Trainee: 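Here it is, the structure, as structure tokens.
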Amino acid sequence: MNVRPVSADRLPALLQGMPKAELHMHIEGSLEPELIFQLAQRNGMTLAYPDVASLRQAYVFSKLQDFLDIYHTGTTVLRTEQDFYDMTHAYLARAHADNVVHAEIFFDTQTHTGHGLDAQVVVNGLHRACVDAQAEFGISASLIMCFLRHLSEAEAFEALEQVLPLREKIVGIGLASSELGHPPEKFAKVFARCRALGFRLVAHAGEEGPPAYIWSALDQLKVERIDHGVQAIHDAALMQRLARDKIALTVCPLSNLKLCVFDSLAQHNIGRMLDAGIVATVNSDDPAYFGGYINENFRQTFAALGLSAQQAWQLAANSFNASFITDAEKRRHLDRLDAHFETFR
Ligand code: ADE
Ligand code: ZN
């Protein structure tokens with residue numbers, strides 16, 4: 001769609017009301033400190049932090065691993081199917097308020113089986129919340145299980161086996177956790193198996209890791225989207241490949257800022273990615289930890305980079321086109337997106 005310019009003072013309302021899909025968020029990263037304390041109390045647990053404020057104060061990171069360590073502490077309060085349900089319901093209610101009409105939610109089971117839980121408890125709680133949110137908010141949601149890349153490929157195979165009885169509740173497979181030192185090719189065999197089983201495939205690559213990890217995710221794992229991918233900017237041939245093959249990047253600007261991937265949002269490369277014809281999208285990654293949900297990512301990124309209404313439309317259109325919904329659903333969302341932009345003429 002050819003979008004007319006919108007004045008800077010009207011852009012926040014345009015972004016807020018714009019229908020959008022969120023394709024990169026870790027459900028455990030939506031656990032707000034208040035909910036962490038509620039769940040700890042419900043499960044009779046004592047946290048290492050005395051209160052919500054002191055936990056929030058600990059959210060200062062200089063790299064991905066700093067965050068993963070504290071994120072792991074938060075996951076320990078999840079003990080029952082209802083806990084997973086409540087966490088997911090809270091996220092979907094919040095996403096709905098940001099006019100997210102479709103969400104593809106990352107989760108992992110390995111964190112929780114490591115705490116003695118059954119993987120099926122995790123999947124059933126998440127899935128039930130997704131089903132209920134469709135009725136309650138009219139939002140669609142699907143689930144992508146991430147393998148933890150700091151663990152072995154054999155452990156990924158085990159995690160896969162544990163959820164296969166619930167195959168129909170999971171749309172795709174991803175790869176998350178500590179990137180450096182754990183290149184995608186470490187998981188080539190298990191991704192090949194997932195592909196044969198009909199799962200859609202994505203992987204985190206090029207968040208902190210080099211462009212070579214993005215090449216490997218594409219060529220060895222055969223993923224359809226790259227999560228983050230911002231380091232691709234350092235490899236011209238890779239940029240061309242991403243644009244040519246319409247490989248979407250699920251970019252998370254506030255995450256990149258909080259994890260010091262960029263020194264400031266003004267230095268973020270998402271505008272340059274769009275200019276290069278890359279199918280970039282905006283996402284929140286771990287919104288409870290990184291300072292905002294998806295609309296806050298849009299708002300701050302547009303303010304810092306001076307992006308246009310045309311680019312807002314492009315980012316939202318990309319989010320639908322890169323999602324794992326049917327073509328008919330994509331069409332329906334894209335029509336609503338165009339109608340929203342018509343109202344801003
Ligand atoms: N798990 C949760 N958030 C993540 C991120 N930004 N990168 C890798 N793994 C993650
Ligand atoms: Zn992520």
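Only heavy atoms go into these numbers, but all of them, side chains included; no hydrogens, no water, no symmetry mates. The structure displayed is predicted, hence computed values, not measured ones. Counting starts at 1 for both ligands and their atoms, in listed order.
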Trainee: Roughly how far, to the nearest 0.5 Å, is CG of Leu249 from SG of Cys252?
Mentor: 10.5 Å
Trainee: Taking only heavy atoms of His228 into account, list the atoms of ligand 1 that are under 4.0 Å away from them.
Mentor: 6 (N)
Trainee: Does at least one non-hydrogen atom of Glu28 fall below 4.0 angstrom from an atom of ligand 1?
Mentor: no
Trainee: Is the side chain of Lys186 donor-acceptor paired with the backbone N or O of Gly181 at a distance under 3.5 Å, no angle test?
Mentor: no
Trainee: Any side-chain donor paired with an acceptor under 3.5 Å for His102 and Glu329?
Mentor: no
Trainee: Distance under 6.0 Å and angle within 45° of the ring axis: does Arg56 meet both against Tyr49?
Mentor: no
Trainee: Considering only non-hydrogen protein atoms, determine which one is nearest to atom 4 (C) of ligand 1 and report residue, atom name and distance to 0.1 Å.
Mentor: His26 NE2, 3.5 Å
Trainee: Classify the contact between Glu179 and ligand 1 as side chain, backbone, both or neither, using a heavy-atom distance cut-off of under 4.0 Å.
Mentor: neither
Trainee: Distance alone, cut at 3.5 Å: any donor-acceptor contact between the side chains of His112 and Glu28?
Mentor: yes
Trainee: For the residue pair Phe262 and His268, does the interplanar ring angle fall in the parallel (under 30°), tilted (30 to 60°) or perpendicular (over 60°) class?
Mentor: tilted
Trainee: Of all the atoms in ligand 1, which lie at a distance below 4.0 Å from a heavy atom belonging to His204?
Mentor: 5 (C), 7 (N), 8 (C)
Trainee: Give the residue, atom name and distance (to 0.1 Å) of the protein heavy atom nearest atom 3 (N) of ligand 1.
Mentor: Asp286 OD2, 2.7 Å
Trainee: Under 4.0 Å from ligand 1, counting heavy atoms only, is it the side chain of Phe67, its backbone, both or neither?
Mentor: side chain
Trainee: Asp285 to ligand 1: N or O pair under 3.5 Å?
Mentor: yes
Trainee: Can you spot which of Asn43, Val77, Thr88 makes a side-chain contact (heavy atoms from CB on, under 4.5 Å) with Asp83?
Mentor: Asn43
Trainee: Answer with yes or no whether the side chains of Asn318 and Thr281 bring together a donor and an acceptor at under 3.5 Å.
Mentor: no
Trainee: Indicate, as side chain, backbone, both or neither, the part of Asp227 found under 4.0 angstrom from ligand 1 when only non-hydrogen atoms are considered.
Mentor: neither
Trainee: Given a threshold of 2.8 Å, state how many protein N/O/S atoms are nearer than that to the Zn ion (ligand 2).
Mentor: 4
Trainee: Could you grab the distance from atom CG of Leu11 to atom CZ of Phe344, nearest 0.5 Å is fine?
Mentor: 9.0 Å
Trainee: Please list all pairs meeting salt bridge (Lys or Arg N to Asp or Glu O under 4.0 Å) that have one or both residues in residues 271-285, counting only residues at least two apart or in different chains.
Mentor: none
Trainee: So which heavy atom in the protein is nearest atom 7 (N) of ligand 1, and how far is it from that ligand atom?
Mentor: Glu207 OE1, 2.8 Å
Trainee: Ser177: heavy atom below 4.0 Å from ligand 1, yes or no?
Mentor: yes
Trainee: Under 6.0 Å between ring centres: does that hold for Phe191 and Phe187?
Mentor: no
